[in-house]
Amino acid sequence: MYIKKIKIQNFRNYENQEIELDKNINIFYGNNAQGKTNILEAIFLCALGRSFRTNKDKEMIKKGQDFSNIEIDYEKKDRVGNIKFKIGDKKYVYLNDIKLKKLSELLGNINLVIFTPDDIGILKDGPSARRKFLDMMISQLRPHYIYNLNRYFDVIEQRNNYLKQNSYNNDMLEIWDEKLAEYGEIIYKYRNEYIEKIKEKIKDIHKEITNEEIKLEYISDCKNKEDYLKRLKKNREIDKIKGYTSARNT
Ligand SMILES: Nc1ncnc2c1ncn2[C@@H]1O[C@H](COP(=O)(O)OP(=O)(O)OP(=O)(O)O)[C@@H](O)[C@H]1O
Ligand SMILES: [Mg+2]
């Protein structure tokens, strides 16, 4: 796929800007604080429904304005597409002029991989940075993934809220454990499948660039429902003291 055109209005430092892109490589260059990353942010927003720099959508609206519009035309092997994004009091997304009910419906239309200086954290920081990166990649390719991931988050939240209370009932916790382990296994499978698919390609590319070997493996303590249930049970007393679920794979 490729992005043909980007139109941005009242977005960050841009008032009205139209950018036509080439099918192959496009390079944005210029002095600091000119708005290069802002363009990438607008594209990211149309691909994933959020920014990679802020959780506050309103921050992206040009200062002094009360709305922002972003529009992208893209072309895929079998179809062309148009995404319109409006940020104001709320945010609205249109795919081919049809208003989307859920942001997750946006995923998979513009396929995107981002690598910024901060993303070195994928290697340097702890495993949660790597999981987040994986989640971002997989949710663009497999629409059901984000559904399972969201259910997993919901169960964690409910379980944590319950753990924060003073009285616990183990039967009650077991209901959440069961659900958590179910979604946990699904999440593991998707992630493992993705790593298995890319690891040989990464090996070749890395070898070509550095002439060194690289090995990629997804290591998890929660590979299946049974293992996950065992871990939850083992951590139950600690979880009660801490007031949150310690065995999580997000
Ligand atoms: N909400 C906003 N309204 C107006 N201007 C904004 C807003 N948010 C950011 N800016 C401006 O956007 C500019 C930064 O843009 P951006 O981060 O894209 O720069 P850049 O070209 O990537 O720079 P660098 O080379 O340093 O990475 C700054 O001038 C900043 O003041
Ligand atoms: Mg920048």
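Order of listing sets the numbers, starting from 1, for every ligand and every atom in it.
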In terms of its nearest heavy atom to atom 1 (N) of ligand 1, the top option of L40, N10, I61, N32 is I61
Taking the six-membered ring of Y147 (Phe, Tyr or Trp), confirm whether the NZ or CZ of R151 is under 6.0 Å from its centre and within 45° of its axis.
yes
Taking every non-hydrogen atom, the tightest pair across A42 and I72
O-CD1, 4.4 Å
Are the charged groups of D177 and R159 less than 4.0 angstrom apart, N to O?
yes
Applying the 4.5 Å side-chain criterion to the ILVMFWY set and letting contacts propagate, would I202 and L141 be lumped into a single cluster?
yes
Taking only non-hydrogen atoms of R53 and a 4.0 Å limit, the atoms of ligand 1 in range are 17 (O)
Connected via hydrophobic side-chain network under 4.5 Å: M60 and F28:
yes
Residue N38 vicinity, atoms of ligand 1 by number, heavy atom under 4.0 Å
12 (O), 13 (C), 14 (C), 15 (O), 16 (P), 17 (O), 18 (O)
Atom 8 (N) of ligand 1: which protein heavy atom is closest, and how many Å away?
R12 CD, 3.2 Å
Protein heavy atom at shortest distance from atom 3 (N) of ligand 1
K63 N, 2.9 Å
For residues L163 and K242, determine if any side-chain heavy atom of one lies less than 4.5 Å from a side-chain heavy atom of the other.
no
Contact atoms of ligand 1, heavy-atom distance to K62 under 4.0 Å
3 (N)
Do any nitrogen or oxygen atoms of G35 come within less than 3.5 Å of a nitrogen or oxygen of ligand 1?
yes
Distance from atom 10 (N) of ligand 1 to nearest protein heavy atom, with residue and atom:
N13 N, 4.1 Å
By number and element, which atoms of ligand 1 are closer than 4.0 Å to a non-hydrogen atom of T37?
17 (O), 18 (O), 20 (P), 22 (O), 27 (O)
Looking at every non-hydrogen atom in both residues, tell me the closest pair between Y92 and K99 and how far apart they are.
CD2-CE, 3.5 Å
Students should be able to answer this: which protein heavy-atom is nearest to atom 25 (O) of ligand 1, and at what distance?
K36 NZ, 2.7 Å
Determine if the distance from atom 30 (C) of ligand 1 to the closest protein heavy atom is below 4.0 Å.
no
Can you tell me if an N/O/S atom from T37 lies under 2.8 Å from the Mg ion (ligand 2)?
yes
With heavy-atom distances below 4.0 Å as the criterion, list the atoms of ligand 1 near E59.
1 (N)
Can you find an N/O atom of A33 closer than 3.5 Å to an N/O atom of ligand 1?
yes
Trace of the side-chain hydrogen bond (donor to acceptor under 3.5 Å, both in side chains) decision for N111 with K76:
CA-CA 10 Å; N111 300 106; K76 288 199 152 183; 3.3 Å; yes
With a 4.0 Å cut-off on N to O distance, would you call K7 and D73 a salt bridge?
no
